[in-house]
Amino acid sequence: MENTSTIYNDLNAAQKEAVLYGEGPLLILAGAGSGKTRVVTYRISHLIKDLQVMPQQIMALTFTNKAALEMKERVSKLIGSNVDRMWIGTFHSVMVKVLRQFGSLLHYSPSFQILDTEEQQKLIKTILQEQGLDKDMYDPRAVIQAISKQKGRLLTVEQFYEKYPTLTKCLDSTAKLCFPFYAEYQKRLLSLNAMDFDDLLLNAYVLFVNYPHVLELYANRFRYIFVDEYQDTNFAQYNLVHMLSSKHRNLCVVGDDDQSIYAFRGADVRIILSFEEDFPDAKVIKLEQNYRSSATILQAANNIIKHNRKRKAKELWTTAASGDKITYYRALNQQDEADYVVETIKKSVQQGQEYRQFAVLYRVNALSRNLELAFLKAQIPFHIFGGLRFYERKEIKDVLAYLRLICDPKDDLAFIRVVNTPKRQIGTSTVEKVLTLARTSGKSALEICAEVSRYPELQKAQNKLATFARLVADMRRNLQNPAFTLASYIEYVQNESGLVEEILNQMEKGREDSAQRVENLKEMLSDAVDFVKQAKFDTLDFTDEQLEENDLLAFVSRERKAITDLSTAPVKTYDGKAADLSLLEQEALKRTTESDSEAESLRQRTLLDDLHDYLEMTVLNQAVEGENDGNFVTLMTLHAAKGLEFDNVFIVGMEESIFPGVRSLNNIESLEEERRLAYVGVTRAKKKLTLTATAERLLYGSTTYNPQSRFVKEIPPELLDEKQNETSTDNYDLFQHNDRRHYGSAGSFSFGNYQADNYNSNKNTVAYSQRVINKGVQEAMSQLHKISNNKKTEIKLTPLAVGKSTNELELAQLKVNMRVVHARLGHGVIKQIEPVANDAIVVIQLDNGESKRIMAKAAHLQRE
DNA sequence: GTTCCTGATCTTTTT
DNA sequence: GATCAGGAAC
């Protein structure tokens, strides 16, 4: 076998062993920078190329879309083009695939929708109100978290109330929070035909338990299963993985217990720690050689992490030279700290380094502010990652809600969101009435509006509601209009709904972020163009679905036979109900007979298909492109930096109660998680690491004085090169004072609000900055250009057939002081043209004296 | 129904 | 200091 290929020659002994290891459970403990992804991708390629394993027999589960994408690309480079047949994806997306296929067994229709966190919270709020519960006692966010925790532990509603039959029996505080809500919440989800993120895992689990034959289908098919970042799995994921691999037992998990930093969202380190108990015959391979960092940096990392008690013995080593010492800078205050970072980068760049080789990491987002200002002042290009994600922005979510309502008129949550957005004088009380009527009659809210004249109690708002219903119906009808592409259709909805107009009106009133919001709407259009392009590429899943359609029929007939074999005994199910096989059978038959027409629509995707898939992508795939290969300094949280590497890394805010955070000071478990976070941060650096702390810090509106972080003290002093602001004499005393204080005490003390920072009103500078609020970490960092090259596509929209006249002015023809006619507003003069994305905001002085802002393209302005 | 003001809150984040 | 939700006044 050794002769099959030379690609294995660039692996070290441990890596090679992991790649070539045969059948059975395999745990790869891969330290930071030890070539983990390379090992996994090589192993997959080895299975396919050397052992003739079929790609469709391989499943690889990741936590993020970014990781899945990277794995796909790297595997496809190694083996050629047939990655498509493998199931490489996030836990969630893979389970969606399963549930779309078999969810009907759990009484969900295959088109169930997936709720995001905001909608979950809204649901909880309604339940809270309707049940008349004390809203000071229940914070919706905490309730959602509590429910999520139960689901992560695989407690269904039935099991939950079995375990906690009364409120007084809820000893656990999260159970207490759940108790009044869980059942009702779940009931609503079902009636909305919706699942939340945790349901995707929980329901897949329930499905597999209730219908062993379904599990068998997958367990048989997937001979090899891989799990990336195994230290981040929760109980539900753990169980799913074990079920799926129960047949062939070729489960390969990769992870590093020292890099487990997501316990706060349900990850359980014990899962990776007990892999060998789960599989006594497991092979364990440790990858300890680090190819990333200098010896000094590694030594620091090892010294920090060895203070943790619960962990697998593991020590990174390298053949690299010791390199530069770690700089530890003690600043006067956060300004001084930021200036130091900026100055250091400036100097290094003057000596020939590039901005892209620098990253500044921090524990909490709040620390980015001062850095941002300092970078702006110094005119150094930078990107801040984190903050609101693209699809979570208000203006985007509003458009998405319209699209959802158009797609599925029964989507009452979408209805609630948009019925009065933009404002249509439809208030909460009216909406309440509509919803009550909908609930009692079993109709959807939109249906009620469509036949509003039948309901005397809605008389006052009759016209408004009817107009809204007509608006949505019109939009829906236009789905059939062949002139539309997905992007041009979305643009049409953006305009027709009045959302764009509302933003422009707000701009009129001086709202500052309006231009940005318009730009986001435009960005959404190019996003849609790219999405369709990709969807045409990605035919991958359809072949698989086709395959499973037959499986579904086979499954039903087998299940039937099982029942007849057991004479009258019903199939054992999870909730005690017998499976309704006849329904399922009809469904399966229907699908097979439809498969011809489906195959046809495969060739010619309809606008509705595109829209459907697009909507699913927006919930499930939150990652959005960032600017990829720009030469800029990266600013992000330590969490976001996991998996990335930079030549030069700064970690700021190395102070007790910031890092480690206040909330972890009294708890060993979370303190150890903070320490792992420090370990992750330190190991991001390849050549040079700089740590900074301040004597005095203005945070959350008050000044604090924190002792230096214990993590700095855990680094042997001989590795550190300590520096401080030379202009100051009292600086050191301040630190002495801070450090004399005890660690465990409730963190920092404060002298109240004095002296705010000097830069507080720099809003204009912020606007021109290179700051990209919210583009995902995804591509900005990766060297994979493939997608990003497509991303910069120019938006080409099919012009609307309607309303286009020969007199219509093109964007380029518009000039200031030109007289124009607007179909609705009448005559006026162009006063200002402000380009935005591929369009422009035009200020028109109307003849009646009023001035209006409109989007140039949608306005269809004509020559006077 | 809408706007404007007050006051509580401020880890980390993906799906 | 900044944001955002919820309540009172318009």
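Every heavy atom of this structure was used, including side-chain atoms; hydrogens, water molecules and symmetry mates were not. Chain letters run A, B, ... following the sequence lines, proteins first, then strands; residues in each count from 1.
- With no hydrogens or angles considered, no side-chain donor-acceptor pair links Tyr230(A) and Asp257(A) at under 3.5 Å.
- Here dT13(B) is the nucleotide among dT13(B), dT11(B), dT15(B) with the atom lying nearest to any side-chain atom of Arg265(A).
- Taking the charged nitrogens against the carboxylate oxygens, Arg697(A) and Glu337(A) do have a contact shorter than 4.0 Å, which makes a salt bridge.
- In this model, the phosphate group of dT14(B) is approached by a side-chain N or O of Arg389(A) to a distance below 4.0 Å at OP1 or OP2.
- Where Leu200(A) and Val364(A) meet DNA chain B, the nucleotide closest to each residue was compared, and Val364(A) sits on the side nearer the 5' end.
- For an aromatic pair to be called close, the ring centres must be under 6.0 Å apart, and Phe415(A) with Phe468(A) satisfies this.
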Tabulated below should be each protein N or O lying under 3.5 Å from an N or O of nucleotides 6-10 of chain C; please produce it.
{"from": "dG7(C)", "atom 1": "OP1", "to": "Lys135(A)", "atom 2": "NZ", "distance (Å)": "3.2"}

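- For Ser702(A), no side-chain nitrogen or oxygen approaches OP1 or OP2 of dG1(C) to under 4.0 Å.
- A donor atom on one side chain and an acceptor atom on the other are found under 3.5 Å apart for Arg517(A) and Gln506(A).
- We find that CZ of Phe659(A) is positioned 16 Å from P of dT11(B), with the value rounded to whole Å.
- Taking the six-membered ring for Trp and thresholds of 30 and 60 degrees, Tyr262(A) and Phe264(A) have ring planes inclined between 30 and 60 degrees apart.
- Per the geometry, CD belonging to Glu118(A) stands 11 Å off P belonging to dC4(C), to the nearest Å.
- Among the atoms of the strands shown, base atoms are found under 4.0 Å from some heavy atom of Glu674(A).
- Annotated as syn: dT11(B), whose O4'-C1'-N torsion sits within 90° of 0.
- As rounded to whole Å, 10 Å separates atom P of dT15(B) from atom NZ of Lys66(A).
- When distances are taken from the side chain of Ser664(A) to each of dG1(B), dT11(B), dT13(B), the shortest belongs to dT11(B).
- Between Glu118(A) and Lys397(A), at least one side-chain N (NZ, or NE/NH1/NH2) sits under 4.0 Å from a carboxylate O, which counts as a salt bridge.
- Residue contacts for Asn365(A): at a heavy-atom cut-off of 4.0 Å it reaches the sugar-phosphate backbone alone, with no base atom in range.
- Every residue two or more places apart in sequence or in another chain that forms a side chain to side chain contact (heavy atoms under 4.5 Å, CB included) with Ala301(A) is listed here: Tyr679(A), Val682(A), Thr683(A).
- Using a 4.0 Å heavy-atom criterion, one finds that Phe91(A) contacts no nucleic acid atom at all.
- Look at CG on Leu698(A): it is 10 Å from P on dA2(C), rounded to the nearest Å.
- Atom CG of Leu361(A) and atom P of dT11(B) are 20 Å apart (whole Å).
- Classified by interplanar angle (parallel below 30°, tilted 30° to 60°, perpendicular above 60°), the ring pair Phe63(A)/Phe91(A) is tilted.
- Among dT11(B), dT15(B), dT12(B), the nucleotide with an atom closest to any side-chain atom of Thr637(A) is dT12(B).
- Of the possible polar contacts, one joining the Arg424(A) side chain to the Val419(A) backbone as a donor-acceptor pair under 3.5 Å is found.
- The interatomic distance linking Leu367(A) (CG) with dT12(B) (C1') rounds to 12 Å, in whole Å.
- Proximity of Val619(A) to Tyr391(A): side-chain heavy atoms (C-beta onward) are nowhere separated by under 4.5 Å.
- Looking at Glu229(A) and Lys36(A), a side-chain N of the basic residue comes within less than 4.0 Å of a carboxylate O on the acidic one, giving a salt bridge.
- Two residues, Leu677(A) and Val431(A), neighbour DNA chain B, and the one matched to the more 5' nucleotide by heavy-atom proximity is Val431(A).
- For the pair Gln120(A) CD and dT15(B) C1', the computed distance is 10 Å after rounding to whole Å.
- Taking the side chain of Phe264(A) as heavy atoms from C-beta on, and the options dT13(B), dT15(B), dT11(B), the nearest nucleotide is dT13(B).
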Could you pull out the protein-nucleic contacts involving nucleotides 2-8 of chain B (nitrogen or oxygen on both sides, under 3.5 Å)?
{"from": "dT2(B)", "atom 1": "OP1", "to": "Gln425(A)", "atom 2": "N", "distance (Å)": "3.3"}
{"from": "dT2(B)", "atom 1": "OP1", "to": "Gln425(A)", "atom 2": "OE1", "distance (Å)": "3.3"}
{"from": "dT2(B)", "atom 1": "OP2", "to": "Asn420(A)", "atom 2": "ND2", "distance (Å)": "3.3"}

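- When the side-chain nitrogen and oxygen atoms of Arg363(A) are compared with OP1 and OP2 of dT11(B), none of them lie within a distance under 4.0 Å.
- Taking atom OH of Tyr362(A) as the reference point, atom C1' of dT13(B) lies 14 Å away to the nearest angstrom.
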